[in-house]
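The structure appears below as structure tokens.
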Protein chains: 2
Amino acid sequence: MTVGIRHDDLRRRNRAMVISAVRHAGQPSRTEIAGTTGLSHSTISAISSDLIDEGVLFETKGSDAPSAKRGRPQVALGLKPSAASVITVVLSLNYLSAALVDYAGNVTDQEQRRLSTLTMPRDELIGEMLAMIRRLLAGRHASMKPVMRMVLAIQGITDASARTMLWSPITMHADIPFASLLEDAFGIPATVENDCNMIAMALRWHKPERYREDFIAILLSHGIGMGMVLKGELFTGTQSSGGEFGHMIHRPDGALCRCGRRGCVEAYAGNYAIWRNARQHSEDETPAADISDADMLELADRARAQDGPERQAFRKAGEAIGFSLGSLFALIDPAPVAMVGHGAGAFDLIEPSMREAIARTAGGHHSKAISFDTEPDEMPLIREGCAMRALTYVDHEILAPGNGALTDLTGKSVA
Amino acid sequence: MTVGIRHDDLRRRNRAMVISAVRHAGQPSRTEIAGTTGLSHSTISAISSDLIDEGVLFETKGSDAPSAKRGRPQVALGLKPSAASVITVVLSLNYLSAALVDYAGNVTDQEQRRLSTLTMPRDELIGEMLAMIRRLLAGRHASMKPVMRMVLAIQGITDASARTMLWSPITMHADIPFASLLEDAFGIPATVENDCNMIAMALRWHKPERYREDFIAILLSHGIGMGMVLKGELFTGTQSSGGEFGHMIHRPDGALCRCGRRGCVEAYAGNYAIWRNARQHSEDETPAADISDADMLELADRARAQDGPERQAFRKAGEAIGFSLGSLFALIDPAPVAMVGHGAGAFDLIEPSMREAIARTAGGHHSKAISFDTEPDEMPLIREGCAMRALTYVDHEILAPGNGALTDLTGKSVA
DNA sequence: GCTCTTTTTTTCGAGCCTCGAAAAAAAGAA
DNA sequence: TTCTTTTTTTCGAGGCTCGAAAAAAAGAGC
């Protein structure tokens, strides 16, 4: 039983709507906002006037092109970059990066470094992260507004409340409560998110014309990840970040997977699996820890050059992805797919067998119509997805108190 | 971009909330409603007074047990049975049934009959359905309030807008726009829903303590169907009713499925598949059209009596369901499962190999903790699910116009 | 039998919020 | 300089929910 709507919720929600409209439209006029939200001009005027007073929005005076239209010119509203800032952190295999992002979404500072995540002790891993964040916080100008939110994206599984990393292939340590660790260290609200989910957020942000209501992002890398948006909402599991497409079962009792089980999609389509098959090693062989992008590129080149075990390996990968996508499509119906990550660079080798497999499944009813796109570089997407997620959180916090919001925004400096 | 909340939406939503609270609680007092909705007593008082005036609610005077409590006694509110009525229709293999249900959910009349759905011409199938509905409409008392909604449940796939049956195993005809057909014939709004989705609705209604936010209902019958509730919402595909668990791929290029493809779960776990395996026929053999429940019972008995091809067949079924549930759990995390339908009577034969398979998948992390329940009789569940769905539609229509609602409710008689 | 408690329900005024219409503002066009 | 056109603000009206207080409807106690 959902709770009833009280009167003050109304204002709060409509404020949220206005902020969200500005964030999506960039620099809309009040009239434009009224159009997209369906609220009346008077309401928009009242709300945006409040938000300007509170320092959340501002009138971007220098309207670029004096639109040459008749009538009173529109006044564009923008998100005030100084209204707040957020920190994004991305932790992936042997790699850590963090960025400071202002309220308008601009990266104002960032840092990245290589680490040996697989072998590092737990405390060291956490320590490196905290230190990097600490440097970012120390480095920002005194004039900058306080950091209001931190979002950490990891390769791996988080709990449904986005507070704990339950498991990750990049480290042997499990159940690290990153959200609480970050909150305790810096006094700033934090969440931990799955990297592929952040990729999905970023795609929707970047290419709304293609990735809007329903789409799937598949990360082809050492392992196989997935982020999915259904009916406009990020799809997550009931207890975890979910969407573990890479561990759907392709062949019962089949090839050995990095997760220790058998027959997972990843055990055929992950980099290590393609490598293993290309070398004609046994499918029971323990997966290699890491394979360089250069090696995978070389493998792909050889597969393109001539038929042989390399080409076969990519073919098998396509088959695994195809059948499992077919199973997924049986559940959710076909949707546009983005193939993300370095592995997407070899999509030409994967696509034929993948499409052939899909066509043999229930989801492949119109397999010709299913459209695939490739995004070879995942890191910027993850970072942007994190930023959007963090800023969205802030948007909803800013509107919450309704009135005294600005005392928290411009006032006390945290950490 | 969702639309802003206008002022009158507020009342509408809170009215919906009150109606929904009454429907869930049965006969709550105003105080109780205030508690569950979180709205103030004054608001509840105002809204329920309106709804009583409009003939949607009524004060159930004869309060059964004079609660022996001190203070002014609570006045129970109930849904007025005469506020509206709905018709539910269930179409399954060789079987058609329909019922007339009042606003409080009581079945006031019903009819059912056997048909040869597989061989009937399209028009005859439609004609039988229309005729049955016509008889129900003709048979109701003159005092009864107009039928405001019809919901048809079918075994098969419908489009996302619940207007057309896209495909069904019970007939060779496809793309039958049942919703429009019914609306044109009777002038009453109608939808077509997947039977398993209705089972899920009914389960949530019946056993909310077990089936609440997240659960799965799997129909074990000639084919394999699924209805799923995730985060409190019925899960459907993006373009169709979705959730075609039975056509996830268990073994690529495996056994021949009724759908014409190969390796679907159904091709191992549907009645015809179990039958085929028990008889040690080839997996390439065309599936039998229908197998009687008695035959399946006998098969199960023989499997229980001694090890042999029958027991093997059930074991294979369990394996197929187990691995595919494991894949599903990889996507959504484990959830309580209800095994519904006659096939659930042989769940004891299926369970061991199923659990073993699940344990070998990513979703089987805590396979011991995944709980299964059986509901051998699906028909009543489907009917009740339809009724609840229809009544929920009506609830939302009654509250919509806000004021003149009753003119439609008590006034003109449709059809 | 009467008064006191207790609990539920209704009433009433206050405070918000959104809306539509009208007014004001800010340009270009003539 | 005066019209048009378009955007934005202002203002009063109408609704809605809320909290407090009042009214209603019992049982409890003497």
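The figures here come from the full heavy-atom set of this structure, side chains too, leaving out hydrogens, waters and symmetry mates. Note on naming: letters A, B, ... go to the chains in the order of the sequence lines (proteins, then strands), and numbering restarts at 1 for each one.
Between the CZ atom of R13(B) and the C1' atom of dG15(D) there is a distance of 16 Å, rounded to whole Å. Protein atom CD of Q27(B) is 17 Å distant from nucleotide atom P of dT8(C), rounded to whole Å. Spacing between atom CD1 of I47(A) and atom C1' of dC19(C) amounts to 13 Å, rounded to whole angstrom units. The distance from atom CG of D9(A) to atom P of dG15(D) is 22 Å, rounded to the nearest whole Å. Regarding R6(A), its CZ atom lies at a distance of 20 Å from the P atom of dG15(C), rounded to whole Å. A straight line from CD of Q74(B) to P of dT9(C) spans 6 Å, rounded to a whole angstrom. A straight line from CZ of R30(B) to C1' of dA25(D) spans 13 Å, rounded to a whole angstrom. dT17(D) atom P lies 9 Å from atom CD1 of I44(B), rounded to whole Å.
T36(B) and A21(B) make their closest contact through OG1-CB, 3.9 Å (heavy atoms, listed as atom of the first residue, atom of the second, distance). Across T238(B) and A160(B), no two heavy atoms sit closer than the pair O-CB, 3.7 Å.
Both distances falling under 3.5 Å, in either a Watson-Crick or a G-U wobble arrangement, place dA25(C) opposite dT6(D).
Listed for the S45(A) side chain is no donor-acceptor partner under 3.5 Å among the backbone atoms of H41(A). Judged by distance alone, with hydrogens and angles left aside, the side-chain atoms of T191(A) form no donor-acceptor pair with the main-chain N or O of V151(A) at under 3.5 Å. With hydrogens and angles disregarded, no donor-acceptor distance shorter than 3.5 Å links the side chain of D214(B) to the backbone of L230(B).
Taking R163(A) as the reference, S180(A), E183(A) meet the side chain to side chain donor-acceptor pair (under 3.5 Å) condition, with sequence neighbours excluded.
Residue contacts for D8(B): at a heavy-atom cut-off of 4.0 Å it reaches no nucleic acid atom on any strand shown.
Looking at R13(A) and D9(B), no side-chain N of the basic residue comes within less than 4.0 Å of a carboxylate O on the acidic one, giving no salt bridge. One finds a salt bridge joining R15(A) and E54(A) here, because a Lys/Arg side-chain nitrogen approaches an Asp/Glu carboxylate oxygen to under 4.0 Å.
Nearest nucleotide to the side chain of S40(A), out of dA26(C), dT8(D), dG20(C): dG20(C). Out of dT8(D), dT17(D), dT11(C), the shortest distance to the side chain of T31(A) is found at dT8(D).
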Nucleotide N/O of nucleotides 20-23 of chain D paired with protein N/O under 3.5 Å:
none

Short heteroatom pairs, N/O only, protein and nucleotides 1-4 of chain C, under 3.5 Å:
none

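Residue H41(A) is the one, among G38(B) and H41(A), whose nearest nucleotide of DNA chain D lies closer to the 5' end (criterion: closest heavy atom).
Looking at V18(B), L77(B), V22(B) one by one, the single match for side-chain contact (heavy atoms from CB on, under 4.5 Å) with L51(B) turns out to be V18(B).
Contact check, N14(A) against dT18(C): a side-chain N or O comes under 4.0 Å of OP1 or OP2. Considering only side-chain N and O atoms, T43(B) lies under 4.0 angstrom from the phosphate OP1 or OP2 of dC18(D).
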Side chain to side chain contact (heavy atoms under 4.5 Å, CB included) for S48(B) and I33(B)? Distances and angles first, verdict last. CA-CA 10 Å; S48(B) 52; I33(B) 299 174; 5.6 Å; no
